[in-house]
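See structure below.
Just so we're on the same page: letters track the sequence lines, and every chain starts at 1.
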2 protein chains.
Amino acid sequence: MADVARRAGVSAQTVSRVSNGHPSVVGSTREQVLAAMRELGYRPNSAARALKYGQFRTIGVILFTLSSVGNSRTLEAIVDQAAEEGYAITLIPVAVPTRDGVLGAFTRLGELAVDAVIVIMEIHLLDAATVSLPAGVPVVVVDSDADDRYTVVDTDQVDGARQAVRHLLDLGHRTVWHVAGPEESFAAERRATAWRTELEGAGRVVPPLSRGDWSAESGYRAGLALAGEPDCTAVFAANDQMALGLLRAFHEKGKVVPRDVSVVGFDDIPDSGSFVPPLTTVHQDFTEVGRRCVERVVRQVRNEPVGPGTTLVPTRLVLRASTAGPPA
Amino acid sequence: MADVARRAGVSAQTVSRVSNGHPSVVGSTREQVLAAMRELGYRPNSAARALKYGQFRTIGVILFTLSSVGNSRTLEAIVDQAAEEGYAITLIPVAVPTRDGVLGAFTRLGELAVDAVIVIMEIHLLDAATVSLPAGVPVVVVDSDADDRYTVVDTDQVDGARQAVRHLLDLGHRTVWHVAGPEESFAAERRATAWRTELEGAGRVVPPLSRGDWSAESGYRAGLALAGEPDCTAVFAANDQMALGLLRAFHEKGKVVPRDVSVVGFDDIPDSGSFVPPLTTVHQDFTEVGRRCVERVVRQVRNEPVGPGTTLVPTRLVLRASTAGPPA
DNA sequence: CGCCGCCATGTTTGCGTAAACATGAAGTCT
DNA sequence: AGACTTCATGTTTACGCAAACATGGCGGCG
């Protein structure tokens, strides 16, 4: 900056003013400074800026993995929205999804240049780590328990699952089977609970639960078992990838979807419209989730306190070819 | 820090020494300082540190989108490897994939707290932006032209495509059709070129090229057209998602895969083993790509210059049920 | 015509940290 | 025993920037 000032024949302060678009710099001076900046390839040092302002204009995002479609799409939305608000995103990976791993992430976080944190993961583990969350750092949690210590943004899992079950019952199925996600996942648990509640509310038999791990492969394994259940005419999978596995299993076992068995997924990943057959699924608005996360976290940074509490993003059922009435 | 020092009854410098694990602090003093830190919830200010050191221990990643599986998996590998090397990752999204969008990203980059940059995108656009790349910032480019101004890390697209075509020819197919990715993508172009080269090298007819945009939907549309070509018995899709669309189109048109037509994909996304039928595809080692990117970029930051040049990460063909010999 | 106030610009200062240098106490060697 | 080393710790300083305050020139007003 001093070099630029010297070259432009002004003081460093004037360079600073030009650099920040301060109004009280006369046109000719401004031009000279800008020219000097260009010639010297000056770029402001953000560390010094951050030191001065006490803010980094950066949001940290803690997540386990990007391999789930939901996580990466949420992250993308967060990144875009953050960019819009003038914030950058720093990723804080949790290498191993254990309590220690989370603690490690939070420790690193304490040393990182972030003004706030968005946590995308199961709060089972978050709980244990709470203690080490640096005080004064705003936090927004996605996909967690509706814990009132935090601001939570999440898809309306319950209503989504309810819609899926309702749709199948409305088609005339006696009951609906469920392939759930892993127990550690709050989203999985809430979808499973909503499935059970909806069935019970309708006075239907609640079939035994199958569990997968979100992967297509695990859905396939569950599907092989379900194909052997003669009463199974409708399955609600907790995500689209497991639904994909179901479709494959049913196909291999000679069960035609949707003639013999109907399948509903959850997420509405872009590929799901190209499954064989195209998948009826619950659409999640990841973009909206990301947007709200950033909006809330930024508001906290600006000291416009948004109390803890949960924001639910609505879902909507997308009807495709994988569902139909039960076999005659 | 001053507060901690006062509380521990030492100087600020001693606190700093403890904080950085400097050896010349006697045990008892160290304990007192650590206790004071704990009591006061002290966490070092990374802005000040960065200002002092002139480094941020952060790598910026510029990318267009996370919606492609390849991008998000590469990013994940980059994040993990960077964490291992003690670097954080800051994301720099390019909202609109235009020349201006890229320029904007690079401008923002100039103001961001990063020591180096990894670019994940088509270099078509990068070229235009080159001028504004701040000098002195190490850059590694993924999925780009083998431009010798940059250090490039990429999957061996050519060999992967070659293996796919070779496999189909070896099965006895007369020739292989190709559904390419978008023209703007260098990866797509290189896969298409390798496909053509391999066919020509084998003295086979080169069928007309279909183009998609990486999406399953675009693969579906291409597939509907290809299903009408009686000579088409083998198709190489430039990615797994378009292959998924092909499978659906063939299924709908009554063509049985692989009996009537064989399909090979590219990427080996986790779901591809659960397609109907499971997809033969070219496995890309995204993890390795990410690892090498970080390794090279960190080496540059440390002033251990790695000259420009390309590192190719090998691919391998994964054989599944979607390929077989041509119909009798 | 002179005083006041405004505005463009310059000067000083401090943000939190760690390197470089300074100090002083406890040993070590001749 | 005296000088010299070693080492734990303290003091000063600079990193780059921008807020706060200082300055000086100019126009407007009575």
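There is no side-chain donor-acceptor pair under 3.5 Å between B/T58 and B/T90.
Taking SG of A/C293 as the start and CD1 of A/I59 as the end, the distance is 9.5 Å to the nearest 0.5 Å. A distance of 13.5 Å separates CZ of A/R49 from CD of A/Q55, quoted to the nearest 0.5 Å. Atoms OG1 and CG, from B/T74 and B/L63 in turn, are 9.5 Å apart once rounded to the nearest 0.5 Å. With values rounded to the nearest 0.5 angstrom, B/S72 atom OG is found 8.5 Å from B/F286 atom CZ.
The backbone N or O of A/H22 sits nowhere less than 3.5 Å from a side-chain atom of A/N20 that would complete a donor-acceptor pair.
When the C1' atom of C/dG10 is taken as reference, atom CD of A/Q32 falls 16 Å away, rounded to whole Å. Residue A/M1 contributes atom CE, which lies 7 Å from atom C1' of D/dG16 at whole-angstrom precision. Put simply, CZ on A/R43 is 13 Å from P on D/dG16, counting in whole angstrom units. As a whole-Å value, the separation of B/M37 CE from C/dG16 C1' is 13 Å.
A/R6 pairs by the side-chain hydrogen bond (donor to acceptor under 3.5 Å, both in side chains) definition with A/D3, not counting sequence neighbours. In this structure A/S11 satisfies the side-chain hydrogen bond (donor to acceptor under 3.5 Å, both in side chains) test together with A/T14, sequence neighbours excluded.
Within residues 48-59 of chain B, the residues having any heavy atom closer than 4.0 Å to DNA chain D are, in order of number, B/L51, B/K52. Only B/Q13, B/S16, listed by number, bring a heavy atom of residues 2-17 of chain B to less than 4.0 angstrom from any atom of DNA chain C.
When the C1' atoms of four end pairs are superposed on the next four at each end of the helix from C/dC1-D/dG30 to C/dT30-D/dA1, using five pairs per end, the two resulting axes differ in direction by 50°, to 10°.
Applying the side chain to side chain donor-acceptor pair (under 3.5 Å) test between A/R190 and each of A/T155, A/D154, A/D156 identifies A/D154 as the sole match. Of the candidates A/R292, A/R296, A/Q300, A/Q300 is the only one forming a side chain to side chain donor-acceptor pair (under 3.5 Å) with A/T151. Just one residue in the list A/R302, A/R299, A/R291, A/R57 forms a salt bridge (charged side-chain N to carboxylate O under 4.0 Å, His left out) with A/E85, and that residue is A/R302.
OP1 or OP2 of D/dA18 has at least one side-chain nitrogen or oxygen of A/N20 nearer than 4.0 Å.
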Can you name the atoms? Protein N/O to nucleotides 5-8 of chain C N/O, anything below 3.5 Å, with the distance.
none

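The closest side-chain heavy-atom distance from A/M37 to A/L34 is below 4.5 Å.
Between B/A188 and B/P182, the closest heavy-atom pair is CB-O, 3.4 Å.
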